[in-house]
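What follows is a set of notes on a single structure, which appears directly below.
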Amino acid sequence: DVSWFDLKEVAALPSEINDDLEKIGDALGDKLGNGIMSFSAFVGGFGCAFGLGWLVALVMCAMLPFMGIGAAVMGKAVQEIQLESQSWYSKAACVVEECLYAMRTVVA
């Protein structure tokens, strides 16, 4: 897509591809297993709550919206920090690439 190069620097492409591949590797590695484990613990907790008493289950259901809002806020903050750090790394990669091209020109 040609318009991408209008918005980004040329040296940002390799660093963004590398960051995306690392995110995919992290998602399919530990995070997938931890997500399945957390979901099963959540379902098991509800099963125990309904088995021990319906009042405990009602208290757990009342707390779910607050937990969801907290998780959404934390996820948004983490996403903003990752985007900011990715922009720093892409700028640094651009400077390094320009320096290497300048050195190659001087050597030639």
Side-chain angles (χ1 to χ4, degrees):
D1 191 16
V2 177
S3 62
W4 185 86
F5 291 101
D6 293 337
L7 300 174
K8 305 279 184 172
E9 296 179 18
V10 177
L13 182 61
S15 64
E16 288 191 20
I17 289 175
N18 190 26
D19 289 340
D20 291 342
L21 289 175
E22 287 179 7
K23 288 177 187 176
I24 291 171
D26 288 342
L28 294 179
D30 294 336
K31 291 182 183 179
L32 180 65
N34 287 339
I36 292 171
M37 183 181 69
S38 298
F39 179 74
S40 62
F42 178 77
V43 171
F46 263 107
C48 288
F50 280 113
L52 294 175
W54 60 274
L55 289 174
V56 177
L58 285 178
V59 170
M60 285 177 62
C61 289
M63 293 297 139
L64 282 178
F66 298 113
M67 292 170 55
I69 291 171
V73 168
M74 188 173 74
K76 184 70 174 168
V78 167
Q79 184 181 18
E80 289 175 0
I81 290 170
Q82 285 179 343
L83 288 175
E84 185 177 354
S85 66
Q86 185 177 7
S87 70
W88 291 340
Y89 285 126
S90 65
K91 288 178 185 176
C94 181
V95 170
V96 168
E97 188 173 354
E98 287 178 9
C99 289
L100 290 175
Y101 282 136
M103 289 170 56
R104 188 170 36 170
T105 303
V106 169
V107 170

**Fill in**
Applying side-chain contact (heavy atoms from CB on, under 4.5 Å) to Gln82 and not counting sequence neighbours gives Lys23, Val78
**Request:** Using side-chain contact (heavy atoms from CB on, under 4.5 Å) as the criterion, list what pairs up with Ile17, not counting sequence neighbours.
**Result:** Leu13, Leu21
**Item:** Residues in side-chain contact (heavy atoms from CB on, under 4.5 Å) contact with Phe50, at least two apart in sequence or another chain
**Value:** Phe46, Ala57
**Message:** For Met60 versus Ala49, what's the shortest heavy-atom pair and its separation?
**Reply:** SD-CB, 3.5 Å
